[in-house]
Amino acid sequence: MADIQLQKTYDFSTVEERLYEWWEQSGYFRPRGEGSPFVISMPPPNVTDRLHIGHAMFVAVEDLMIRHSRMKGVPTLWVPGSDHASIATELQLKKQLESEGTSSSELGREAFLERAWEWKDKYGGIITEQLRRLGASCDWQRERFTMDEGLSRAVIESFVRLYEKGLIYRGDYLINWSPGLQTAVSDLEVEYTEEIGTLYHFKYPIEGSDEHIPVATTRPETILGDTAVAVHPEDDRYRQFVGQTCLVPMLNRRIPVIEDDYVDREFGTGALKITPGHDPADYEVGKRHDLPIVNALNKDATMSEAAGPYAGLDRYECRENLWADMEAAGLTIKTEEYLQQVPRSQRGGEIVEPMISTQWFVSMEMLAEPAIEAVREGRIKVVPERFAKVYFNWLENIRDWCISRQLWWGHRIPAWHCGDCGEITIAREAPAQCAACESTSIEQDPDVLDTWFSSALWPFSTLGWPTETEDLRTYYPTTLMETGYDILFFWVARMIMTGLEFTGQVPFSTVYLHGLVRDADGRKMSKTLGNVIDPLEIMDEFGTDALRFTLLTGSSPGQDMSLSMERLAANRNFANKLWNAGRLVLNAIEAAPAEPAGDPTRTDSDRWILSRMNQVIRSVDRLFERHQYGEAGRQIYEFFWSEFADWHLEISKIQTGEGGDRAWLTARILVHVYHSTLRLLHPFMPFVTEELYGLLKSACERHPAQFGPRRGWEDALIIANWPEAGPVEPWESESVAAFTPLQELVVAIRYLRSEREVQAAQKIPVAIKAGDLAAFLEANRAALAWLARLDPEAVQIEADLEPPEDAIPLVVGQIEAYIPLEGLRDPEQDRLRIAKELEAVGEQVERLETLLASQFSERAPAEVVGKEREKLEALQGTASKLEDQLATLESGKWRRSQNQ
RNA sequence: GGGCGGAUAGCUCAGCUGGUUAGAGCGCUUCUCUUACACAGAAGAGGUCGCAGGUUCGAGUCCUGUUCCGCCCACCA
């Protein structure tokens with residue numbers, strides 16, 4: 001064995017960090033070369049995030065694309081960065097302040113923001129360090145932050161432009177209010193959960209009568225904000241009350257009974273209380289009927305002055321007290337359990353209250369239209385396609401976007417309120433005076449923008465927009481946007497809208513959406529469930545490559561996947577297999593002579609593996625084009641393990657052992673195939689492949705034969721050329737077909753060995769009646785003997801031969817083999833085995849005969865029919881051989897000696 | 001109420017231009033520490049591809065319907 005001191009097990013822990021630093025320092029992450037570039041903007045993680053499995057997913061997918069593109073020789077840029085995550089960060093910081101016994105209000109805005117920046121500086125780098133751990137080959141020199149100077153300028157610029165175009169407005173509207181966070185949130189930030197609640201039925205008394213209208217509500221406290229009772233115009237039960245006046249329970253406020261066909265007569269009592277201040281549907285009804293709006297809640301979700309005696313109570317306390325009082329007043333009817341959709345804040349999980357409030361909005365309809373067109377016309381392709389439908393559906397029914405947040409951490413709205421005339425001045429720079437009255441008593445709007453407002457600009461703001469920078473010219477529009485489907489609306493749709501609005505171009509031409517990673521039981525990972533898988537722990541245990549390969553295979557685009565430890569372990573084993581196969585290849589290189597004496601020709605196994613290699617490269621290319629990365633990875637895995645390692649590497653041992661020209665050519669081919677596989681695999685498993693590439697390269701460079709690519713070795717695999725298969729050659733499929741009989745024969749002999757419990761060490765003889773395949777088998781005699789553990793001296797291969805007596809018969813396609821081995825004979829078992837095989841083959845023959853006798857022969861393409869016909873002929877040949885053997889066995893010919 | 005996805009081996013999942021004996025990993029059975037690898041090697045068992053129709057010479061793959069599970073969107077109190 002050659003003198004190569006490599007451990008038997010691949011130890012990723014000593015490799016990953018070293019290689020990453022080397023790559024980064026070598027500048028490999030920066031775009032190189034000429035031509036149309038491939039660009040991805042990284043979805044910016046929140047500054048204060050810790051690495052979670054979602055990050056691992058996007059890095060795996062995007063880095064795969066980036067590395068592939070880079071190896072293709074395309075100038076490749078992956079722009080990294082992070083997001084200030086206004087609301088999430090502010091929440092965390094508030095928690096921290098609380099633990100310190102202080103609060104944001106105590107600190108005041110400025111001190112709070114100082115703390116926020118400190119926090120960002122301290123924790124903001126953690127996530128980017130962790131992305132390095134995943135192997136993300138992004139251009140860190142172009143790293144951006146949503147609140148850095150350039151991006152802030154982009155935010156202000158876009159706000160002002162939208163405002164000037166009349167697409168931003170401010171006003172009092174019903175918005176979702178988060179009482180705990182004390183801010184408005186957008187529709188998207190509200191999640192509806194199905195919960196069992198109570199439906200309260202009660203009486204709405206008619207003024208000046210004993211009659212009442214029965215009404216039902218899930219939120220009795222909102223009764224205090226009612227401004228009408230509505231009934232269906234054709235509802236005979238209540239029609240007579242329309243136009244009369246009801247009295248709000250406990251307040252005796254007078255409100256009208258109105259008619260509106262929004263009311264569903266079938267549901268509940270068939271009459272509806274209208275609370276325009278606290279219900280979106282009621283708000284619409286209120287607008288139609290010009291009803292007043294009563295705001296019954298304060299910002300902290302306690303009851304407002306409008307609630308009269310209940311003012312100051314918490315909303316739920318009020319609900320209880322009010323209901324008790326109503327009960328005492330005889331106004332209640334009944335309560336019942338009711339399954340309802342409860343709106344909860346995506347952040348804190350608290351129940352969100354619809355509330356009237358002064359906020360800033362973006363008018364979306366005009367922005368949505370071009371965004372719809374861009375996808376419809378195919379200027380943006382969505383992968384998988386089905387999400388385009390979801391995208392259209394959302395944009396076609398889009399509602400205005402509430403962009404103001406009553407928070408401090410974020411981009412402050414560039415609006416200045418005049419203390420004198422009340423006018424608002426919108427400006428790119430802080431103005432000195434009011435634009436309307438020139439008063440200097442102006443103050444900037446306290447609100448900040450929704451964090452997604454700045455993210456929406458990400459693909460171009462990171463490249464310098466609004467300045468026409470070199471980067472913007474070169475790398476915009478970007479090529480592809482890759483992210484989870486869960487932020488299609490939050491982010492992707494908005495980027496498309498702003499991209500078209502501000503740059504006049506689509507921000508990217510493909511949207512690739514990956515699925516969500518779930519736990520082994522298919523559940524969503526969440527902190528409350530306690531089933532969160534920490535990628536850092538996974539990487540410690542299995543290595544980054546195993547994690548990445550696991551995330552990339554075994555799923556298809558947009559499809560959720562479960563992460564199982566079994567698959568992680570299997571892929572860690574795969575990395576180890578690569579490693580050990582590498583060691584063998586290195587041995588073969590060491591063993592090879594400096595140069596061939598003659599002109600060695602390839603063996604059948606050589607031709608076979610080279611053909612398969614080309615086929616796999618083509619297949620992988622095809623799959624990559626269609627974003628079928630999982631299937632591509634699977635095919636490389638199968639090829640490497642089940643074909644290259646299991647067959648060709650085994651045979652190569654024989655070939656290397658022959659020495660001389662054979663050993664030289666064998667090494668050369670091993671280097672080629674192994675090198676190609678490393679390159680195919682590099683985007684999936686960057687670390688182990690780079691490490692092995694280094695070992696392969698130096699072994700080849702040390703060796704006088706100078707094996708390796710014609711263009712020479714690159715310094716690193718990360719910048720090596722993607723393998724090319726060239727056009728399909730006829731010899732490829734021929735070589736693959738030619739090799740099959742050898743494999744089948746080997747498997748058959750191994751089966752027999754296993755069946756007869758032959759010791760592994762025992763080399764057995766065989767006589768082979770090979771017909772047309774005699775020359776082929778003769779050429780592969782050594783390989784056959786090695787693979788099937790035969791005694792090379794006792795392998796007899798003839799086109800035709802008289803079956804030896806007292807031998808175990810085997811039929812493999814067109815080949816008959818006889819194993820003349822005393823101790824192993826068991827004619828009865830042979831008979832059973834052959835009968836069974838004959839039955840199976842017979843069934844196939846019958847099936848094919850029927851098939852070929854049917855319309856199939858006329859209707860199916862000649863090629864397909866021909867293939868089946870050939871198959872039938874081969875099977876018929878096999879069947880007749882089996883029949884012969886069976887007849888011989890039954891005649892007792894081979895039984896004679898048993899009775900001796 | 002709309003829309004989408006899933007249902008394939010005991011388990012977790014691939015299988016994307018329909019081609020006729022459906023694959024992998026794990027698990028299971030038997031053997032082997034054979035000079036790359038026991039994170040391995042060899043052999044094997046195991047599936048009417050949710051159900052019902054249809055199109056087709058041919059369907060896991062296309063169409064229709066249907067059941068169960070999951071997700072998204074939506075103003076039934």
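Being a predicted model, the structure only gives us computed values, none of them experimental. Within every chain, numbering begins at 1; the chains are lettered A, B, ... in the order of the sequence lines, protein sequences first and strands thereafter.
Taking only side-chain atoms of A:Trp641, from C-beta outward, the nucleotide of B:C76, B:G41, B:G19 with the closest atom is B:G41. The side chain of A:Leu584 approaches B:A36 more closely than any other nucleotide in the set B:A36, B:C39, B:A43. Listed candidates were B:G41, B:U20, B:A36. Nearest to the side chain of A:Asn587 is B:A36. Residue A:Glu566 places its side chain closer to B:C26 than to any other of B:G15, B:U35, B:C26. Distances from the side chain of A:Phe856 to the nucleotides B:U20, B:A74, B:C39 place B:U20 closest.
For A:Arg494 and A:Trp401, the positive end sits near the middle of the six-membered ring, less than 6.0 Å away and at most 45° from its axis.
Two residues are said to be in side-chain contact when any heavy atoms from C-beta on lie closer than 4.5 Å; A:Arg567 and A:Met561 meet this criterion. No side-chain heavy atom of A:Tyr391 sits under 4.5 Å from any side-chain heavy atom of A:Val511.
With hydrogens and angles left out, the side-chain atoms of A:Glu189 and A:Ser186 include a donor and acceptor closer than 3.5 Å.
In this model, the phosphate group of B:A14 is not approached by any side-chain N or O of A:Tyr637 to a distance below 4.0 Å at OP1 or OP2. Contact annotation: A:Arg399 reaches the phosphate of B:A74 (side-chain N/O to OP1 or OP2, under 4.0 Å). Contact annotation: A:Lys389 reaches the phosphate of B:C4 (side-chain N/O to OP1 or OP2, under 4.0 Å).
Rounded to whole Å, the distance from CG on A:Leu395 to C1' on B:A74 is 16 Å. With rounding to whole Å, A:Tyr674 atom OH is found 14 Å from B:C37 atom P. Rounded to whole Å, atom C1' of B:C37 lies 17 Å from atom NE2 of A:His648.
Distance noted for atom P between B:G60 and B:U55: 16 Å (whole Å). If you take atom P in B:A52 and the same atom in B:U61, they sit 13 Å apart, rounded to whole Å.
If you check distances only, the side chain of A:Gln628 does reach the base of B:C16 with a donor-acceptor pair under 3.5 Å. Between the side chain of A:Lys577 and the base of B:A40, no donor-acceptor pair under 3.5 Å is found.
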